[in-house]
Structure formats: structure tokens, C-alpha cells
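Here is how names work: the chains are called A, B, and so on, in the same order as the sequence lines, proteins then strands, and each is numbered from 1.
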Number of protein chains: 4
Amino acid sequence: MSRTTPAVPSRSDAVRNRRLLLDAAARTFAERGVEVSIGEIAQCAGVGKGTVFRHFSSKADLLAAIMLGMLDELESAGTALLEAGDPALALRDFMAAGVEIFVRDRAFCEVVGRPSLQSEQVREAIHRLRDVAEELTARARRQGAVRPDVTGTDVVLLLSGIQHTAAPLLVTEPEAWRRYLELAFDGITADTRRSLPYPPPRRLPLASPDAQVDG
Amino acid sequence: MSRTTPAVPSRSDAVRNRRLLLDAAARTFAERGVEVSIGEIAQCAGVGKGTVFRHFSSKADLLAAIMLGMLDELESAGTALLEAGDPALALRDFMAAGVEIFVRDRAFCEVVGRPSLQSEQVREAIHRLRDVAEELTARARRQGAVRPDVTGTDVVLLLSGIQHTAAPLLVTEPEAWRRYLELAFDGITADTRRSLPYPPPRRLPLASPDAQVDG
Amino acid sequence: MSRTTPAVPSRSDAVRNRRLLLDAAARTFAERGVEVSIGEIAQCAGVGKGTVFRHFSSKADLLAAIMLGMLDELESAGTALLEAGDPALALRDFMAAGVEIFVRDRAFCEVVGRPSLQSEQVREAIHRLRDVAEELTARARRQGAVRPDVTGTDVVLLLSGIQHTAAPLLVTEPEAWRRYLELAFDGITADTRRSLPYPPPRRLPLASPDAQVDG
Amino acid sequence: MSRTTPAVPSRSDAVRNRRLLLDAAARTFAERGVEVSIGEIAQCAGVGKGTVFRHFSSKADLLAAIMLGMLDELESAGTALLEAGDPALALRDFMAAGVEIFVRDRAFCEVVGRPSLQSEQVREAIHRLRDVAEELTARARRQGAVRPDVTGTDVVLLLSGIQHTAAPLLVTEPEAWRRYLELAFDGITADTRRSLPYPPPRRLPLASPDAQVDG
DNA sequence: CATGAATGAGAGTTCATTCAT
DNA sequence: GATGAATGAACTCTCATTCAT
């Protein structure tokens, strides 16, 4: 996919530029989607176009780096919530944190939906996130707070689904996702004898034979 | 945006090519999203690039034609279900029909989710769809089968959300959306005194400051 | 240049269509230049695009046919004026007739200026026109009404020059060319001992190695 | 029409390429008219197609840059001639300079003659040129060296007319325009009581309802 | 290291011309 | 004979990526 993105640089200006770039890219992708050009991102970060490619060996790599940041952030939040007293509340807080991150970044969702854009690292981060979600869900499940056949994979998938449900409203009502989070949470905590009509997903398939991203 | 897309042609070869084109475009957009090039669609339909532009005066027009077909299909399904005996079941069937269309078609989701891709006609069709959804929801609501504060707009938004929830699984488990439809349905029919923490969306905002699709 | 444009057809509807086309093309070229598309001309003539190519085997041929019509018209006018009583007046009337024809048709000038657009037939017609102009000029010269070293070729060239001088004004002042015709005529009839600083053109070179017109 | 064409660059290679490009474009436009493609110009300059668009944000901008250069050159020549001792000679020299530029450049004529090709900047430059021509003409007029009703606008229009008169000859006789300049000059300096049969142009109409040039 | 100039593949779109109906 | 559908080369312009400065 890409040569290999250089690791985090050591020189202080390089570190600063990397930060600048990630922020600018996140903001720009968030506002306008994955189609914004590298040139715009560079300009928005106040650096030259070449600098983008020094730090990230392709547009796909830049996207992956942003994804990674967000996934890590959410994973940390989830890990912290494992310590929380109320498992059901912890699960709900985790989902709220996740949707909020997704909502902040429109590109995130586009990328999660497109396996072709994902790097190996992103896939690994998603799997780690799924593991944390599984632990949180298991705790709540054990308490009887969620349906017995709801899994951590379900929870992760729902994050993206909730964001997409609310997406068209977010321009005018940035908090509207809370409505759909509640609906979804009521769905997974519904006191119902019926189990769901389709079995829980076994795997979270993220690889794909699609063509490369080109821009 | 477009000069004016010629109406359905009368000559038999033209009719055939138009059909070929719509099918190829629907399939290609469905599989790979709105970014597929006109050239690929043409090739896939076995016609020359120019023929695409004879039938649809721009890429946006072609996309709109396909969207309109699907939206109309779903609207019809909804209208038919207004006659059904069981309002709750009718609503669920409508949602199933909707998600199934979304699932079939990746471009559909992109267009519905991205105002910048929408033509006026598409917006109108979405609004008509929302109206049908509202009627179906109202019937179920009157019966006490769904929460009092759930609206037709919620239902339409959920269609896309459910599809996105299941999206990563669809490659390996094409029916997985049924699981999340059930979850969502349980969410909107949950017997809960709490009303949702965020008020129902007033409007379905589909206009956008973005530039129109160009290619 | 072109296969061979079919001669004037015999069937009455074909004759009518040919007339319709020539008129529409002349009018359209005149108004908007040689860049108008064949499709527009066809539409403007109320016939199909195919019909244009039945009558004229290429766009260049259509242009040539129009040119020929105008050149013939002017040649006839010139021939008639050979009989006029006042040679100077006859020459001036000839020039007025010529400029008026040029002014009527913007494309005419573009074509006359671009040897690549000219067919053999057009070149021949221009040479015939030059011969008539030469006769008219010779008569006036013999009377002492024009400078001794002014030739028929000069006169023909001036027609196009006068038209171009006035061109930018013609939209708002369609008769403005009369001003520049007068200036030019005063120039060639000026009572001056000096002969012109550059000898009269020997030939009217109209062939060219330029690329073909394509449209 | 154009985003904004970047100013003259500072890096030496860019400066060189910009020069190469302007020269190639000027030469190519001059020889073959405004219809030459950007691709050809790029090839002719020995650079990639993209480089053209880096330096000039559209074809129209490139054309405008070249036109502006020539118009400024001529305006400067005119301004310098305002200091000349002999007003009539100065006017003639100005016209000679102008025709020479026109003769060198076929695109120049097309642009000046076709309002649809003009940018605002070009129109302004033409108006400045007209003002200089008016001063030169006024000086000559005050001396009685030119007809009382000949204006600077006439002079500017004549530049193009003279070029077009000589155009067909220029391939074989590149200096032939001097003949027609003399004729025209004798026309505007003719010692005649008659005023011209059509009043002087009030304005130099350069705006147009036509679409802008696109390529 | 940072820069932004250069590149060229590829996008959407137009249109003269051909040819099946 | 007339039509207009099909074609595909050509055009302008964009942008990820490379590389000289």
C-alpha cells in the first residue's frame, strides 16, 4: 500500500509539523470528507505539500494515522471504563464516547466503511477496540443489563451505525446522535425473551480485495 | 446542473442501451460507490463513453436517475404497506425493504448521506419517502406499538444507520442486517416511559452548501 | 479534404433540405463563428444531423459551399458593374457590395483568413473574383481615379480588411463599415505622387500546409 | 473564470519554465490561433501539461497573459511616441508598431476581434491602448495632419484591419502589411473636405453576451 | 528537512462523423 | 432519403506523488 510511513520523528520541528498536520487533516477530513486534496490539508496546516509526504507516505497513510489516533483514544476510554462501578452505565458511556468521536470526524466513517482504505495497523486497532468493547459488554451481560446474545462486535458496529443515522441532522443539530444512541441502547438492553433473528457476527472482516485509494 | 436529460428514447436499440446503462451503472455504483468513472460504467455496459452522455447529460444525472428508481421503489412498497392489517408489522416490513435496498447499493447510501450529491429531484423523492414513513409510523404509534416520540423521519434515518451498522459484515454475511434491524426495531418499540433524551428531528435537512457533484 | 460532396440533388425534398441547411448554416456561422456545432446547425435547419452529412460530406464542405455562394454572388455583382458608366463609382459600389457580404457573415472572414479551411473550389472562386476586381480596378485606373499601383488583388484584400476594422463595432453599429470603406477608398484614390512603399502583391496565395479543420 | 493565476514565481527553474511556456504559447498561438490545445503548448515548451496549469490557472488566463504582454508593449511604444517631434510621423510609427505586433500574432487578432475571448484585464488594456492612440491622434489632428473626424478608436481598429488585409500575403511576403498601412494612413490623412459618411465610433464595445472562452 | 514545481494519469464532457433503423 | 443513436478521439483541468532546489 505504501512504502512505509516513517515513524514519529525526533527533531522538534518535525514533531511539531506532524502534530500540525494530523490536526489539520483531521479537521479538514472531518468537515469535508475524504475527498479533500492533500494540497488543501497542507495549506490548512501551514506547511508545504512535500512535508505531508515526508510524514505520511501516501494519503491513505495519513488517513490511517488519524484513524489510529481516534481508535486509540476510544480504546483508552473503554479501558478506563472497565473500572467503573455500574457496568451498564459504563457500556453506555463507552458508546457515547465512541459516537462522539465518530461524529467529530466525518471521514472516519467513510473510511471505516471502506476496507480498501484501511491499513493493517488500523485493522489491528479496530480489533483491539472490539476486545475492549467485548469486555465491557460481557460485564453488562453478566449483570443482565443487556440481552444475552449481544456482543462487543455488535457494540462497535453500532457506533458507526448510530453516527450514520444521525449524520444528515448533524449540521443543524450537532447533538442529535444522542437520540439514536438511546434508541440503540434501548434495543440492546430490551427485556425480551426473543433472541435476535440473526446470530452474532463471528468475525469483523476488514480486509478486502478492493482497489487502492487514489484520491 | 444538466442541460436536460433526454426522456426515455423510443428506438429499440436506444431503449436497450439505456437499460444496459442503467443496469451497469446501478451495479457498478452499488459495488464501488459514486466514484466509479463514467468510462468504467460505459465499458461495463458495453457501450462507448459518448453514449452515456447521450442518455444522461452528466454523471450527476445518471446517479440521480438510479437513485430515483430506488427511492420510488421503496416509496411504492411503503404505500402498499399502508393497506396492511398489522401496523407494527407493516412498519417493520417497510424498514426491512428499505434496509435491503440500502444494503444492495453502496452508492445509495453515499447519496442519501451526502447532501452534496443530491439533485433537487432526489431530495423531493426523499421527502416523499419520509411522508410515507411518517404515515406508517403514525399508524403504529396510534396502536401503541411504537414509542410516542418516534417519527417517520427517525425511521428513514434508521434505514441508513442499520445498513451502516451491518456494512462491514455484509461481504461475508449478507443477511446480517436483519440482526440490527431487529435491534433498532426493538429500540423504537421499547416499552419505556422515558422519552428519548433528544427531541425528534424537525426537518430532514438535505440541502447543503457543498458544491454539486461533478465527478 | 472530403470524400466528395454530392452534387445538388434532384428530388424536391432534398433540394429543399439543401436550401434549408445552407441558410441555417450561413445564419448560424454568421452569428456565432465557425465553432458552432453541426448539431446546432441541423437543429436550426429543422433536420437531423445525418442529413447535414448527406448533403455535405464534412463541416469543411458545408463551409465551402456557403463561401462559394457568397463569392459567386459578389462576382456577379462585380461583373454587372463592369457595364456601369462611372468606373470609380463602380469600383466603390463593388467594394461596398463585398464588405456588406462579409459583414453579413462573420464566419466568412474567419474562413478567408484560414487557408486550411479552404477548398480548391473556394480558391478558384476567389481567383475569379480577383479577376473581376482587377477589371474594375483597371477601368478606374485608366481614368486616373485610383492610384496607378493599386491592383484588383489589393481591392479584394481590402474587402476583408475593412470588415475586420469595423468588426468590433458591428454589434452595436451595423453600418459602421461604411466609415472604413470610405477611408480605404480615399486611400486608394488619394492624389499622391508617392507610390506605395511596398510593391503590389503578385499572387494571392491561398493554399497552405495547415492541419485540416476538425471542429 | 480562473482561481487566481499565481504571480511570477521566484525559483529559478520555475522562472525558466514560465518563460519557456509564455514563449511557446505565444509562438504557437501566433502561428495557429487560439485553438491550439494546452497539450501542444506544453509539449512545445518541453514541460508537462500540469505545469501549464500551475503557471496559468486556465487556458483563458494563459491567453490573457500573452495578450496583456503585447498590449502593454504597444501601449508603451505609443506613450514613448507622445514625446516625438513630428505628430504625424509619431502616429504612423505607432500604427506600424501596432500592425507589426498583430502580424506577428494570429491569436492576437482573434482575441482583439472576439469579445468572447477577452478577459476583463485584456479589455482594460485595450482601453488604455485606445487612450494612448487618442492622444497621438489628437496631436496629429491639431496640426491638421489627419482628418478632423478621425479618432483614436479608429486608429486602434485600423491596426487589426490592416493586418487582416495583408494576412493572406504574409506567408510569402511578410512585409506586405506596409503597403496597406500606407494606404490606410493616406486615407486618414487625406486632404478632403468631405467628412466620413458614418460618424466616429462612440465606444469600443468589448463586452459581449457570448460565453467565455473555455478551450 | 522543508518546499513547492513538475509530472502525467485520469476525470468529465463535447462533437464530427458513421451507420443501423 | 432521413434520422438520430453510437462512437471515440480530443479537450480542459485536477491531484496524488516525485524530486530538484
Taken in chain and number order and not counting sequence neighbours, the residues that satisfy side chain to side chain contact (heavy atoms under 4.5 Å, CB included) with Leu20(A) are Arg16(A), Asn17(A)
Take the protein atom CG of Leu20(B) and the nucleotide atom P of dA5(F), then report the distance between them rounded to whole Å. 16 Å
Of residues 38-51 of chain A, the positions that come close to DNA chain E - non-hydrogen atoms, cut-off under 4.0 Å: Val47(A), Gly48(A), Lys49(A), Gly50(A), Thr51(A)
Is the phosphate of dA2(F), meaning OP1 or OP2, less than 4.0 Å from a side-chain N or O of Asn17(C)? yes
Taking only side-chain nitrogens and oxygens of Arg54(D), does any of them come within less than 4.0 Å of OP1 or OP2 of dA5(E)? yes
Atom CG of Asp61(C) and atom P of dA16(E) are separated, to the nearest Å, by 14 Å
Do side-chain atoms of Lys59(B) reach the backbone of Ser37(B) as a donor and acceptor pair under 3.5 angstrom? no
Taking for each residue the nucleotide of DNA chain E bearing the nearest heavy atom, is the 5' side occupied by Ser37(C) or by Ser37(B)? Ser37(B)
Whole-Å distance separating the CZ atom of Arg16(B) from the P atom of dA6(F): 9 Å
Straight-line distance of Phe56(A) CZ to Leu22(A) CG, nearest 0.5 Å: 4.0 Å
Consecutive-pair stems (3 or more, Watson-Crick or G-U, under 3.5 Å) for DNA chain F: E:2-21 with F:2-21
When rounded to the nearest 0.5 Å, the distance separating CG of Leu62(A) from CZ of Arg18(A) is 9.0 Å
Let me confirm one number: the CG-SG distance from Leu21(D) to Cys44(D), rounded to the nearest 0.5 Å. 9.5 Å
Please report, rounded to the nearest Å, how far the C1' atom of dG12(E) is from the CD atom of Glu35(B). 14 Å
Side chain of Phe53(C) only, please: which of dA20(E), dT12(F), dA16(E) is the nearest? dA16(E)
How close or far is atom C1' of dA5(F) from atom CZ of Phe56(B), stated in whole angstroms? 14 Å
Interatomic distance, Asp13(B) CG vs dT3(F) P [rounded to whole Å]: 17 Å
Is it true that Asp23(B) and Arg27(B) have a side-chain N and a carboxylate O under 4.0 angstrom from each other? no
Ala42(A): what forms a side chain to side chain contact (heavy atoms under 4.5 Å, CB included) with it, not counting sequence neighbours? Val47(A), Lys49(A), Val52(A)
Find the distance Arg18(C):CZ to dG1(F):P and express it as a whole number of Å. 13 Å
Test side chain to side chain contact (heavy atoms under 4.5 Å, CB included) applied to Gln43(B) - qualifying residues, sequence neighbours left out: none
Give a yes/no answer on whether the side chain of His55(B) brings an N or O atom under 4.0 Å of OP1 or OP2 in dA6(F). yes
Kindly write out the residues that satisfy side chain to side chain contact (heavy atoms under 4.5 Å, CB included) with Gln121(D), not counting sequence neighbours, or none if the list is empty. Leu68(D), Ser119(D)
Rounded to whole Å, the CG-P distance (Leu62(B) to dG12(E)) equals 10 Å
